[in-house]
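Note that these values count all heavy atoms, side chains included, but never hydrogens, waters or copies made by symmetry. We number each residue from 1, following the sequence as shown. Owing to the predicted nature of the structure, the values given are computational and were not obtained by experimental measurement.
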Amino acid sequence: MDYRESFADPPERIVLSQGDTVRYGMGDLKVEKLLGKGGFGSVYKVSDESRSYALKILNLWERLPTEYNKTTLRFKSEFDIGKIDHSNIVKSYYMNWILGNPFILMEYCSKGHIGNHFNYFNEKNNSKRVTKQLFDALRAIHKRDIIHRDIKPENLLFNDIYELKLSDFGIAGMLNNRLTKKDF
């Protein structure tokens with residue numbers, strides 16, 4: 001199936017399958033496989049003629065209309081954090097909409113998450129190097145008053161040379177901007 005960048009109100013249901021094509025402003029992407037599904041969206045491995053990417057789609061069609069704005073703003077914030085120029089943060093490249101659901105095209109980490117590589121840490125130098133990379137990534141976002149708030153193995157990814165990449169800023173918070181408000 002072919003999907004094109006498009007806005008729909010209300011958002012339409014979208015589930016990508018292997019072999020689907022996503023046509024976007026910079027070319028065509030082929031869907032290779034589903035990498036993961038969370039509470040707010042799905043992440044797919046996609047590729048163009050030269051490289052692979054991760055495509056994260058916010059399943060806005062699963063949300064209530066009253067949640068669209070808040071959820072979309074959080075997703076946009078996640079994209080913006082991925083624009084921070086740091087070697088240990090998953091890079092965001094592009095953001096737009098498919099059938100009314102926002103998507104982010106981002107760096108693909110071929111080795112998956114850290115939980116799949118605990119044997120890698122049997123060597124002491126690897127543990128030190130990866131720990132330093134995590135602290136460097138956290139320092140980079142903390143300098144911008146951003147708190148990740150969801151550090152777990154699934155959000156610590158490795159690229160093909162086992163360089164750590166901090167990912168999934170969906171519930172990240174700004175130090176001076178509360179996500180919860182008092183109702184009275």
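The NZ atom of Lys91 lies 13.5 Å from the CE atom of Met106; values are rounded to the nearest 0.5 Å. Rounded to the nearest 0.5 Å, atoms NE2 (His117) and NZ (Lys111) are 7.0 Å apart. Note that CD1 of Ile114 is 11.0 Å distant from CG of Asn155, once rounded to the nearest 0.5 Å. Here Met26 contributes atom CE and Asp48 contributes atom CG; the two are 9.0 Å apart, rounded to the nearest 0.5 Å. The CD atom of Glu107 lies 9.5 Å from the OG atom of Ser92; values are rounded to the nearest 0.5 Å. Ser6 OG to Arg4 CZ: the interatomic distance, rounded to the nearest 0.5 Å, is 10.0 Å.
Linking ILVMFWY residues whenever their side-chain heavy atoms come closer than 4.5 Å, directly or via other members, leaves Met95 and Ile81 in distinct clusters. Side-chain heavy atoms closer than 4.5 Å link hydrophobic residues (I, L, V, M, F, W, Y) into clusters, and following such links, possibly through other members, connects Met1 to Val46. No path of Ile, Leu, Val, Met, Phe, Trp and Tyr side chains, each step under 4.5 Å between heavy atoms, connects Ile98 with Ile104, placing them in separate hydrophobic clusters. A continuous path of Ile, Leu, Val, Met, Phe, Trp and Tyr side chains, each step under 4.5 Å between heavy atoms, connects Leu58 with Tyr68, placing both in one hydrophobic cluster. Tracing side-chain contacts under 4.5 Å through hydrophobic residues (I, L, V, M, F, W, Y), one never reaches Leu105 starting from Phe79; they form parts of separate clusters.
For Lys143, the side chain to side chain contact (heavy atoms under 4.5 Å, CB included) test picks out Arg139, with sequence neighbours left out. Residues forming a salt bridge (charged side-chain N to carboxylate O under 4.0 Å, His left out) with Asp2 (at least two apart in sequence, or on another chain): Arg23.
For Asn159 (side chain) and Ile161 (main-chain N/O), a donor-acceptor pair under 3.5 Å exists by modelled atom type. Side chain of Gln133 to main chain of Glu163: no donor-acceptor pair is present (N/O by atom type, distance under 3.5 Å, no hydrogens or angles). A donor-acceptor pair under 3.5 Å is absent between the side-chain atoms of Asp80 and the main chain of Lys83, judged by distance alone. A donor-acceptor pair under 3.5 Å is absent between the side-chain atoms of Thr21 and the main chain of Lys30, judged by distance alone. Using modelled atom types, one side-chain atom of Asn101 and one backbone atom of Glu12 make a donor-acceptor pair closer than 3.5 Å. Here the side chain of Tyr44 pairs a donor or acceptor atom with the backbone of Leu16 at under 3.5 angstrom. The backbone N or O of Ser47 sits nowhere less than 3.5 Å from a side-chain atom of Ser52 that would complete a donor-acceptor pair. Of the possible donor and acceptor atoms, none in the side chain of Lys45 sits under 3.5 Å from a partner among the backbone N and O of Leu55.
Two residues are said to be in side-chain contact when any heavy atoms from C-beta on lie closer than 4.5 Å; Ser17 and Val31 fail this criterion. Using a 4.5 Å heavy-atom cutoff, the side chains of Ile151 and Leu138 are in contact. Within the 4.5 Å cutoff, the side chain of Tyr94 has heavy atoms near those of the Glu5 side chain. Side chains of Asn116 and Phe158 form no contact here, defined as non-hydrogen atoms less than 4.5 Å apart. Between Pro102 and Lys76, the closest side-chain pair of non-hydrogen atoms is not below 4.5 Å.
Shown here for Val130 and Tyr120, the closest heavy-atom pair between the two residues is CG2-CE2, 4.0 Å. Nearest heavy-atom pair, Ala140 versus His86, reported as atom, atom and distance to 0.1 Å: CB-CD2, 3.6 Å. Contact between His148 and Ser167 at its shortest, heavy atoms only, is NE2-O, 2.8 Å.
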(request) Walk me through it: do Val15 and Ser42 pass the test side-chain contact (heavy atoms from CB on, under 4.5 Å)? (result) CA-CA 8 Å; Val15 178; Ser42 302; over 6 Å; no

(message) Between Thr72 and Trp97, does the side-chain contact (heavy atoms from CB on, under 4.5 Å) criterion hold? Intermediate values first, please.
(response) CA-CA 11 Å; Thr72 301; Trp97 303 79; 3.5 Å; yes

(request) Would you please test Phe75 and Phe40 for ring-ring contact (aromatic ring centres under 6.0 Å, His included) and show each step? (result) CA-CA 9 Å; Phe75 200 69; Phe40 286 95; 9.5 Å; no

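Taking the centre and axis of the six-membered ring of Phe169, the NZ or CZ atom of Arg144 falls outside the cone set by 45° and 6.0 Å.
Surrounding CG of Asp9 are more than 12 heavy atoms belonging to other residues, nucleotides or ligands, all under 6.0 Å away. Around atom CZ of Phe135, no more than 12 heavy atoms belonging to other residues, nucleotides or ligands sit under 6.0 Å away. No more than 12 heavy atoms of other residues, nucleotides or ligands sit less than 6.0 Å from atom NZ of Lys132.
Partner Leu166 forms a side chain to side chain contact (heavy atoms under 4.5 Å, CB included) with one of Asn88, Leu156, Leu157 and no other, that one being Leu156. Across Tyr24, Tyr108, Tyr93, a single residue satisfies ring-ring contact (aromatic ring centres under 6.0 Å, His included) together with Tyr53, and that is Tyr93.
Under the 4.0 Å criterion applied to side-chain N and carboxylate O atoms, Lys152 and Asp168 are not assigned as salt-bridge partners.
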